[in-house]
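So the structure is just underneath, and the comments pick up after that.
Here is the naming used below: chain letters follow the sequence lines, and residue numbers restart at 1 for every chain.
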Amino acid sequence: MSVPPPVPPSRPSEPPGRPKMVACPACGASLTLRALGQSVTAACPSCGSLIDVARPDIQLIRQYTEQTRQLRIPLGSRGKVRGQLWQLIGAMQRSAADAAWEEYLLFNPYLGFRWLVYADGRWSLGHMLRDTSALHPEKGQPYLGHLFRQLDSGTVTVGWVVGEFYWRVTTGEQVLATDFAAPPLMLSREKSGSEVVWTLLEYLQPQEVETAFRIAGAERSNANIADSDGVQQPNQAWATLRQIRRTVFYALVAAFLLQIIGEIAARSTTIDVGTYDLQHDSADETRIYGPYILRPSRSAAQLLATAPLDNAWVQLQGSLENTTTGQSYRFDGSFQYYHGVDSDGSWHEGASSSSVYLSGLPAGTYDLVVDGISGDQNGQPLSSQVALKLQLNAVCWRNFWLSVALILAYPVYLIYQGVRFERERRL
Amino acid sequence: MNFRSTGYLAVCALALIYLVTSNARGYIPFAGSTTRSSGGSASGGRVFIFHK
């Protein structure tokens, strides 16, 4: 809806009066005046007629033929909201542009009046602000530590009324309302003639109202998806993100420290294996290096290959062969380096070195078996050599980055959800 | 601490356990074309299985 529900003008609360039963001048039905002495208008729950209750002789203001509205909370209901006991004494429907909502007037003889506003499955609790000297949200000034953003402005019209009210409310009554949102809060400014009334509304979880007044849950088919009605609805994703942000930080720090400790504890050693001649015939195509001893029960190894490439490629295949068990751990890697000059200038791609990991090697003695082929621009094998190094007990950072990805997956999802929520409600 | 916070804490714990155990066991994800097969030793004149 374009304009969130505003709150009508208030009168200063006065000492509480006792409930009083009066007869409706229109239909004769009994009315219980619960805020006697403060209520000005009452709408008969039976026939909907508006009655002037400010005068000693109860008088009919306007008679309605419509039937009593089906209220979400029955008149006279009592419930505890935010730790205070309230009684519902009046209700009305208001609308603006293409939206309508309901406002329920709560009364506590010691605390005065509050408004329960219902719009599209969402509830908020509002109270009129008496000291508005520091209230300038339209100028970007924060209020209660919140920076409020101005929403739409428009004319709000009363649709129907039931119960008691502290001002002479009538159907069709109009005010100019402007709202400012800072979820879960909203400020509503209403202008009616020269009178300006500010109301502060706070979002309530629907379950809180339903439990307080023991009513059935309203339809909230889209309550999880923000729209313009959800201007007050707290961004649950942001709230959850705030809850877990320390955990995220400590988990990332812990992962980094564990990776460093793992690197130190692994005591990696790099062995200069030797060279592999790329110029060879079928008889000496396969070269065997070693043996190399792996002591940990399980460890990783990394083979590093470097060759002076000039517009050429190299492919190495091979394996680490366990000399005791005969198990073979194979690898396959290639690298290439090309460069040149074209109309855009000089270019190059690839690299003259490469490495490959071998994962989860059992303890034992191993031979390194290497078989390589190469080619230049003319398709001829290279006459150069590949320098080989073998890093034993290697620790790879892939595990660290996988852990980081796992740690960050949920926070990133929450950020996505939070941004989507804010976009959809178009604050 | 609510369900989501507790659940996320469990996920973080799993991530850290994975990091420690995989590093300790020399496990590296996406470690090229490493495969295993049985065969003889390459040294000592025994047969080894090697596939290009």
### Task
Would you please go through residues 383-395 of chain A and name the residues with a non-hydrogen atom below 4.5 Å from one of chain B, in numerical order?
A/Val395

#### Entry: Under 3.5 Å: donor-acceptor pair, side chain of A/Ser403, backbone of B/Leu16
no

### Task
Check side-chain contact (heavy atoms from CB on, under 4.5 Å) between A/Val404 and all other residues, then give those that pass, not counting sequence neighbours.
A/Leu252, A/Phe400, A/Trp401, A/Leu408

### Message
Between A/Leu402 and chain B, with a heavy-atom cut-off of 4.5 Å, which part of the residue counts as in contact: side chain, backbone, both or neither?
### Response
side chain

### Query
Is the side chain of A/Arg298 donor-acceptor paired with the backbone N or O of B/Gly26 at a distance under 3.5 Å, no angle test?
no

#### Entry: Residue B/Arg4 excluded, over 12 heavy atoms near CZ under 6.0 Å
no

### Message
Is there a side-chain contact between B/Cys12 and A/Tyr250 in this structure, where contact means two heavy atoms from C-beta onward sitting under 4.5 Å apart?
### Response
no

### Query
Mind checking whether B/Asn23 and A/Trp397 have side chains closer than 4.5 Å, heavy atoms only?
no

### Under 4.5 Å from any heavy atom of chain A - which part of B/Tyr27
both

#### Entry: Set of residues satisfying side-chain contact (heavy atoms from CB on, under 4.5 Å) with respect to A/Ser374, sequence neighbours excluded
A/Leu278, A/Val314, A/Pro381, A/Leu382

## Note on the structure
Highest number of heavy-atom pairs under 4.5 Å with chain B among A/Gln315, A/Glu263, A/Gln259, A/Gln302 belongs to A/Gln259

### Query
Can you tell me if CZ on A/Arg267 sees more than 12 non-hydrogen neighbours from other groups inside 6.0 Å?
no

### Query
Looking at CG of B/Leu9 and CZ of A/Arg246, how far apart are the two atoms once the value is rounded to the nearest 0.5 Å?
14.0 Å

### Query
Hey, are the side chains of A/Leu406 and B/Tyr18 touching, using non-hydrogen atoms and a 4.5 Å cut-off?
no

### Contact check, side chains of B/Ser5 and A/Thr247, non-hydrogen atoms, under 4.5 Å
no

### Message
At a 4.5 Å cut-off on heavy atoms, which part of B/Ala24 comes close to chain A: side chain, backbone, both, or neither?
### Response
backbone

### Query
Does A/Tyr413 have any side-chain contact (heavy atoms from CB on, under 4.5 Å) partners at least two apart in sequence or in another chain, and if so, which?
A/Tyr410, A/Gln417

### Query
Under a 4.5 Å heavy-atom cut-off, does chain B meet the side chain of A/Ser299, its backbone, both or neither?
backbone

### Task
Write down the atom of A/Leu258, the atom of B/Leu19, and the distance for their closest heavy-atom approach.
CB-CD2, 4.0 Å

### Message
Less than 4.5 Å to any heavy atom of chain B: does that hold for the side chain of A/Ala266, its backbone, both, or neither?
### Response
neither

#### Entry: Over all atoms of both residues, closest heavy-atom pair of B/Ile28 and A/Ala300
CD1-CB, 3.4 Å

